[in-house]
Amino acid sequence: MVIALAAMTLPHSPGGAGEPQASQTVQVHRLEHKQEEEQKEERHHSLHMGSSVQRRTYRSSEEEPQFSSEDYALAAALALTASSELSWEAKLRRQTATVELEERGQRRVGFGNDLERMEVAFLRTQRLLRQRRDWKALRRRTEEKVREAKELIELCSGRGPWFWIPLRSHAVWEHTTVLLTCTVQGSPPLQVTWYKNDIRIDPRLFPPGKYRITNNYGLLTLEIRRCTVEDSATYTVLVKNAYGQASSFAKVLIRTYVGKDAGFDSEIFKRSMLGPSVEFTSVLKPIFAQEKEPFSLTCLFSDDVLEAEQRIQWFRDGRLLRSSTRREILYADRQASVKVSYAYKEDEGLYTIRVSSPFGPQEQSAYVFIRDAAAEKPGAPGSPLNVRCLNVHRDCLTLTWAPPSDTRGSTITGYSIEMCQGDSEEWVPCLTAPGGTCRCPIQGLSEGQSYRFRVRAISRAGASLPSKASEAVVTVDYDAVQKTEIPFDLGSKIAIYKNDVEDAVTIPSAPTNVHASEIREAYALLSWEEPRPRGRAPLTYTLEKSIIGSGTWEAIITETPIKSPRFALLDLEKGKSYVFRVRALNQYGMSDPSEPSEPVALKGKPATLPPPARVQAFRNTQTSVSLAWEPVDGGSELLGYYIYSREAGASEWQTVNNKPIRDTKFTVPGLRTGKEYDFCIRSVSEAGVGESSEATQPIRVKQALATPSAPYDFALLNCGKNEMVIGWKPPKRRGGGKILGYFVDQHDSEEADWHPVNRQPIPSRVCKVTNLQEGHFYEFRARAVNWAGIGELSAPSSLFECKEWTMPEPGPPYDVRVSEVQATSVMLRWEPPLYIGAGPVTGYRVGFQEKGSEEWKPVTPDATSDTHLRVSDLQPGKQYKFRVQAMNSAGLGQPSVPTDPVLLEDKPDAQEIEVGVDDEGQIYLAFEAPEAPDFSEFQWSKDYKGPPDPQRVEVEDEMNKGCEGVLRFQDQSSLSEVSSALSARSKVILKEPDLQDLGIYSVVVPDADEDTSASHTLTEEELNKLKKLSHEIRNPVIKLISGWNVDILEQGEVRLWLEVEKLSPAAELHLIFNEKEIFSSPDFDKLLRKADAKRRDWKRKQGPYFQEPLTWKVTEDCQVLLTCKVTNTKKESRFQWLFQKKEAPRGQYNPQTGDGSLSIEGFSKEDQGVYRAVVSDDRGEDDTVLDLTGEALDAVLTELGRIGALSATPLKIQGTEEGIRLFSKVKYYNVEYMKTAWFHKDKRLESGDRVRAGTTLDEIWLHILDPKDSDKGKYTLEITAGKEVRQLSADLSGQAFDDALAEHQRLKALAVIEKNRAKVVRGLPDVATIMEDKTLCLTCVISGDPSPEISWLKNDQPVSFLDRYHMEVKGTEVTITIDKVTSEDSGRYGIFVKNKYGSETGQVTISVFKHGEEPKELKK
C-alpha cells in the first residue's frame, strides 16, 4: 500500500524530467515485478496442493466468516467495486512496461543472493499482513451492507395498499345486474369499505340480495342486482392498513328503455350494426309424400328476414338446393318454403333450412319420404332411381341405377332401359338388362348428340313406372377436346388441343393394352389405348376374338363403326374363355392387330351384399324410433340401406325409405304411439337388394328415457323462526318417466357455499328446511330425479328472509294445476295454503291474466270454497295465466305462483273417457293414454274431491308388456299407493251402479309432459241406458240364425234342428209339439250333447286344429314340459302360446311336424295358471287349454318332488370351517311337496346347537358343528315325496371321519389366521387431489391381533415423520397428516401393516395441483 502511494505521487514530485524520476520509476517497477513473480510461484504451487490444504490457509477463529448466501452476494458486489477503485495500478504497469523490458537483465544483478532472500521474506510478510488487514476491513464492510439489506427487506415487507387493477365505469340497462371489480395489493391484510356517493354501503340496510360484497385474496367485487335508475352513482372502494390507504372509484349509469324509435335500442340500429335476430316460430315436421305428386316444406320466423335470398338456404342431405323447373324456393311474410311440383324418389332425404344471424346460423331439419306411386299393373314393383350416365365417349356410355325398395311381393327379373334423344320427349326402348345387376353398357350412339335415359323394373306382375330421367349427356371424345392453356403477356392465354400436336400419320400403328375393364354375368367391357402416335385422321376400330384352344381368330361384326376405345361384348358364351385383339382404321388404311388380351370369361351372377349386423332399435319420441347398426363392408359397391318396419304380430313388411341411406343410424318417424314395431334392414348394391337382417326385438313407441329438466318457480309457503317451507313447479320435461323425487340445496346470502338440504330424494314438491338462522336471507335450488338419473340443476330462487310469519292473512295456495284444456275452458286444481293466518280459510279467489297484459282479472265475482274450479267463456287461440288467493276473516292472502301460459285450443288427438258396458255386462269408464310415459299413474277422482269409493268401484289397468307402475288412491287427508301394472289404459268399473255413482269422473296422468287428462259427467239418463244394456248382455234374448230344418236320416229317422246364437250355460231348452211340451230324458240330453260336440268338432277340423291336446309331463331334468300337436296347417298358419292371456315367448313350434312345446324350468306356484295354445289362419281358429291350478298344480308339484327325490346323489362328506358337512345334490327341491329327515345310528336328528339341517333349491345338507368322537357312525337321509320314499346313507367313521376332521381343523386354523391377520379394513380412497398449501389428512382403519406394526410408504420408500409429516394412531384408526402440501408431495402412498399372522398394504394416489389450475382426473 505504501508503494502504491509512492507511485501515485511520482508525477507530482519536485524536480525536472531527468534521471531522478526515471530511477524512482524503475525501482517501483522492480518491486512490483518481484511481487508478480512471487504471486505466480504461489499460484503454481497451489495447483499441486489438495483442496484441504487450501481450505486451511485462512482457517482461524477470528478470521472465519459466518455469512449467509445473501451476505456472499453482497460481498461479491463489493469486490467488483473495490477492483474498479484500484484500476490505477494497471495504468502504472502499462507506463513502465517499456522500462521493465530494458532493465530486466540488470535487475537481478543489483541484488546479492542474501539481500534477495531477505527482500523476498520481507515482501512476503508485508503481503500477508496487508491481506489480513484488508480481509478484516472487507468483512466489516460486508456485515454493514448485509445489515442494511435486511433492514430494507423488512421495510419493504410492510407497505400501504395500491391498486393493481382499478375500478371500471359501467353503463347498463335497467333491471339488469352490474358487477364492479378491482384488484388491490398490500401488507398486512387490508380493511375494505365501499361507498355510494360518499355514503357507506351496508347491505343490511337495503332489500335482501341488493348488494353482494366479496374479497377473494385481493379481488374485490361489488354486485348490484336488479338495477334501477336510483343506482346511477359514483361508487368508491377505500382500502387501508397500518402503512396507508388507497381508493378507486367508478361511475355506474343505469339506462331506461325508451322504445324502439330511437337510440341504441332502436330496430334501425340493431339492423344496421348487428342484423336482425330471427328465431323460428314453427317446427319442421316429417313429410310423407307420394311419387309424381307435389309436396312442400314451410317454416315460420319471428321477424322479417332481410336479404332473404342470401341469408336463407335450403339443403337436402347436406347439398345446397336451388330453384329449378320442378322446385321453387320462396320467402314472403316471415315464411320460407320449398315447393316441389312433381316429386321423384330422388327428392327424398333430410331437408335443412339454415338462417344466418349475428350469433351464428340457426337450423331446422325434417325428413321427406317419397312413397312409390301406384303401378300401372297391380303387383308391379316400384320404379328404380338414381339413374346416372358414366364413362361417356363418342358412341357409348355406362348406365347405372339403384334398385327399388318395394318389389310388391314379386322378384325383379330385369330392367327395361328407355332412351330419349335431345329434347324430343320421345322415349324409345333401347335395351333390356338382366335382373341381377343395376349396371348396363349402352353403345351405338351418335357422336355429338344429347341423350337422356330412364329405367323400368320388370317382374312377373308387369313393369313399373319409369324412373326419373337421367341428366342429359352429350357423346363426344373428351380426350380429343382436352386442351392445355399457356399464359402469356399479362393475362392472355394460348389454348393447345390434343389434335394440334399430333403428327401427320398415314396408316396408324396398332392399339395397345387390350384388356377387359369390366366383367359381368351378361357382358364383358373391352378397353384399349389408342395408337401412339394417333394422327389427326379420325379412327375407328375392328375387333377379333378367339376361343382359347381353337387357334383361329374371328372378326366381331358390329352394326355401327366402333369409334371409342371401349366396346361391350354382349354375345359371349358362359363357360368359355376368350382372347381379343384390336385393329385401328383411318382413311389411309388398317393397322396391324394389337397384342392379344388376357383370357376373358363371363362371371357368375353377382352376389348381393350381406345384411348389416346388430340392428338395434331405441326409443326416441312419442312417434319415432331410432335405429343403429354395424356398417357392411361393401366398399364402392354399397349404395346404401333400405329400412323396413311392421307392427308386432303382422306378417308384411312396409318400406320406410325409398332412397338408400348411407349412414348407419336413422330415426323412423310417423309411428303410432303405444304400438310395438319390428324393424329390419337390407343392403343395397348394383347386384340388387340383399337379404333382410335379423328383425329387432319388438319395441314400443314411447318417449325415450332421459334425465328431467330443471324445476322452477320456487315459492315460500310458510316460515318460522328457524325453518321455511319451500314449494316449486315440476320440470317441464320429465324425461319420459316418473319423477321419483327431488334434491334440494340451500344457500345463505352471507356465505359462499351451497349446502344440501336432503340426502335422499324428496317425493313431493314441498320441502321443509330447518336449522336456519333467523333474520338471514336464503335462496334455494333443486334437481329432479327419475329412472334415467339426476336432472338439470335449477336456477337459484329469489332470496327469502327467515322471519316468522305473523300476518293475519293466509299464505299462498300452491301446486296450481291446469288440466282438461279446451278451446274455451280449463280445469284448475290447487292445494290449500300451509299458513292459514288468524283464522280458517273461508274461500279462494281465482284470477287470470291474458298474454301481453299486466292486469289480473277475477274469474268469478265471488270466492269459491272448493280447491278446484272450471274456468269457462275464455277466448280460443289465446294464452292465459292463472293464480289463486286464499282468504279468511282478515282478508285476502298472498297469491300463488302463476301457472305457465296455457294456449286454449281443441286438440284433435285428445283422448276422451269412454263409457260403456263390457262383454260381462259391467258398466265401466275407461281412459286410454298411449303417450303416457313409463312408470306413470292414472289418478281417478270423482267430483274432483278424491278417488272414487273403493267399495263402489273397481279400478283395472290393462298391462303393457314388461312394465310396472302405480295405481294411486287419494283423498283429502291421506295419500296411499297400491302397486299395479303400468297401463296405457285404465278402467273404472261400477260394482253396483245406482244414483250414488252419478257425478263427474276425471282422470289425470301427472307424469306426462303435455296435458293428459279428461273428464265425463255421468248423468241419471245415461246411467239408466247403461243399466238397460247391461241387463240385456247378462240376460240376452237368443236370436235365431236359421229357422227349423228337417233332415231325413238313413234309417228313416226325421231330425228337426235350428241354429241360434251363442248360448250361455244357464240357457234352458223347451220343445213344444202340438202345443204340448216334450220333456227331454237323460238319454236325449246325452245324445244332444254328443251331436253338438260332433258338429263343433267337424267345424273345427275344417281349418287347422289340435290333433293332440295340451298335456304336461316332468322330464328327468325336473322341467315341466307342455306338449301338443297340430294338423291340417299350411304355410300361413300361425301358432301362438299364451299364459294368463299374455304371449309366452318361450314356447316352441315346429311347422313341419306340427309339434308344439313349452318348457318351464324351476316350476313353482308362480307358474300356476291357464296355459293356452292357439293355431289360426284364414280358415279358422282352434285352441287347447291346460289349467295348472288347484289339483292339477298339486299333481305337477308332486311329480316334480318324486323325480327330484329320485335324482338325489349319494351322500358326500365335507370338512368345513365350522365342522363336518354331509350333503346330497338334487335336481329339484320343493319344501311343501318334499320332506327330509336325518338319522344317526337309527336315531332321528333334530336341529340344535351342534347339528343343523337345511335345504336349498339343489341341495340337502346336515352340518355337524364342533365334531367329536361321539359323532361317528352311520348317517341316513330319508327323502319323502308323496308316496315315494328314498333313503341315502353314509358312514362317518374311520378314515372318512379322520379326513373330514383334519380338513375341519385346517380350515378353522386358516380362519383364525385370516381373522387375526394384519389388514387395512377401510378408509383410503383410490385417488385424491388437493391444492397446494393445504393440509392433507389420510385416515384408515386397520385390524389385527396382536396389534400390527405400522409404517407408511411413499413411492415404495419409507416415510420419515419429520417437519410436515405426522402420524397419529387412535385404536384401530391410523392417520397421516402432511402440512402445506407441495407438488413434490404428489405420488403413491401406502400404509403397510404387519403382525405374526400376515401383512397387507393399502395404497392411495395423491395429486397436488397449483392455485388457479383445474385438478387433473386421475385414473385408478
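- Rounding to the nearest 0.5 Å gives a distance of 12.5 Å between CG of Leu799 and NE2 of His776.
- The aromatic ring centres of Tyr742 and Trp728 sit less than 6.0 Å apart.
- In this structure, Tyr778 has its ring center no closer than 6.0 Å to that of Phe800.
- Surrounding CG of Asn197 are more than 12 heavy atoms belonging to other residues, nucleotides or ligands, all under 6.0 Å away.
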Step-by-step side-chain hydrogen bond (donor to acceptor under 3.5 Å, both in side chains) determination, Lys251 to Thr234: CA-CA 4 Å; Lys251 293 183 179 295; Thr234 299; 3.2 Å; yes
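- Taking a 6.0 Å sphere around CD of Glu804, one finds it holds more than 12 heavy atoms contributed by other residues, nucleotides or ligands.
- Because its NZ or CZ atom is not both nearer than 6.0 Å to the ring centre of Tyr880 and within 45° of the ring axis, Lys851 does not count as a cation-pi partner of that residue.
- Within a 6.0 Å sphere centred on CD of Gln185, heavy atoms belonging to other residues, nucleotides or ligands number more than 12.
- Residues Ile213 and Leu222 share a closest heavy-atom pair of CG1-CD1, 3.6 Å.
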Pair Glu230-Thr228, side-chain hydrogen bond (donor to acceptor under 3.5 Å, both in side chains): steps then yes or no: CA-CA 5 Å; Glu230 289 74 15; Thr228 61; 3.0 Å; yes
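- Between Glu363 and Arg354 there is a salt bridge, with a side-chain nitrogen of the basic residue lying less than 4.0 Å from a carboxylate oxygen of the acidic one.
- To the nearest 0.5 Å, the span separating CD on Glu792 from CZ on Arg733 amounts to 5.0 Å.
- Taking CD of Gln364 as the start and CG of Leu300 as the end, the distance is 9.5 Å to the nearest 0.5 Å.
- Distance check: Leu167 CG to Thr183 OG1 gives 9.5 Å after rounding to the nearest 0.5 Å.
- Look at Arg255 and Glu174 and you find no salt bridge, because none of the NZ, NE, NH1 or NH2 atoms lies under 4.0 Å from a carboxylate O.
- A donor-acceptor pair shorter than 3.5 Å cannot be found between the side chains of Asn718 and Tyr814.
- For the atom pair OG1 (Thr1382) and CG (Asp1333), the distance works out to 8.5 Å, reported to the nearest 0.5 Å.
- The salt bridge (charged side-chain N to carboxylate O under 4.0 Å, His left out) pairs that include a residue from residues 191-200 are Lys196-Asp231, where partners are two or more places apart or lie in different chains.
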Verdict with reasoning, His747 to Glu779, per side-chain hydrogen bond (donor to acceptor under 3.5 Å, both in side chains): CA-CA 5 Å; His747 174 233; Glu779 55 185 348; 2.8 Å; yes
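- At distances below 3.5 Å, at least one donor-acceptor pair connects side-chain atoms of Arg311 with backbone N or O atoms of Ser356.
- Open room surrounds CG on Asp333; 12 or fewer heavy atoms of other groups in view lie less than 6.0 Å from it.
- Within the structure, every pair that satisfies the ring pair (Phe, Tyr, Trp, His ring centres under 6.0 Å) test and touches residues 194-221, not counting sequence neighbours, is listed here: Phe206-Tyr211.
- Applying the salt bridge (charged side-chain N to carboxylate O under 4.0 Å, His left out) rule to pairs touching residues 214-225 yields Glu223-Arg225, sequence neighbours excluded.
- Closest heavy-atom contact between Ala795 and Phe714: O-CE1, 4.0 Å.
- Counting all heavy atoms, side chain and backbone alike, Thr707 lies closest to Gly791 at CB-CA, 3.9 Å.
- The aromatic rings of Tyr835 and Trp805 stand perpendicular to each other, their planes meeting at an angle above 60°, with 30° marking the opposite boundary.
- Taking a cutoff of 4.0 Å between a charged side-chain nitrogen and a carboxylate oxygen, Glu831 and Arg765 do not qualify as a salt bridge.
- Rounding to the nearest 0.5 Å gives a distance of 10.0 Å between CZ of Arg817 and CE of Met827.
- Here the shortest heavy-atom pairing between Ser794 and Ala710 reads CA-CB, 3.5 Å.
- Shown here is Phe249, whose CZ atom has no more than 12 heavy atoms of other residues, nucleotides or ligands within 6.0 Å.
- The neighbour count for Lys240 NZ, taken as heavy atoms of other residues, nucleotides or ligands under 6.0 Å away, does not exceed 12.
- Across all their heavy atoms, Asp1385 and Lys1380 have their closest contact at OD2-O, 4.3 Å.
- Looking only at distances, a side-chain donor or acceptor of Asn786 sits under 3.5 Å from a matching main-chain atom of Arg734.
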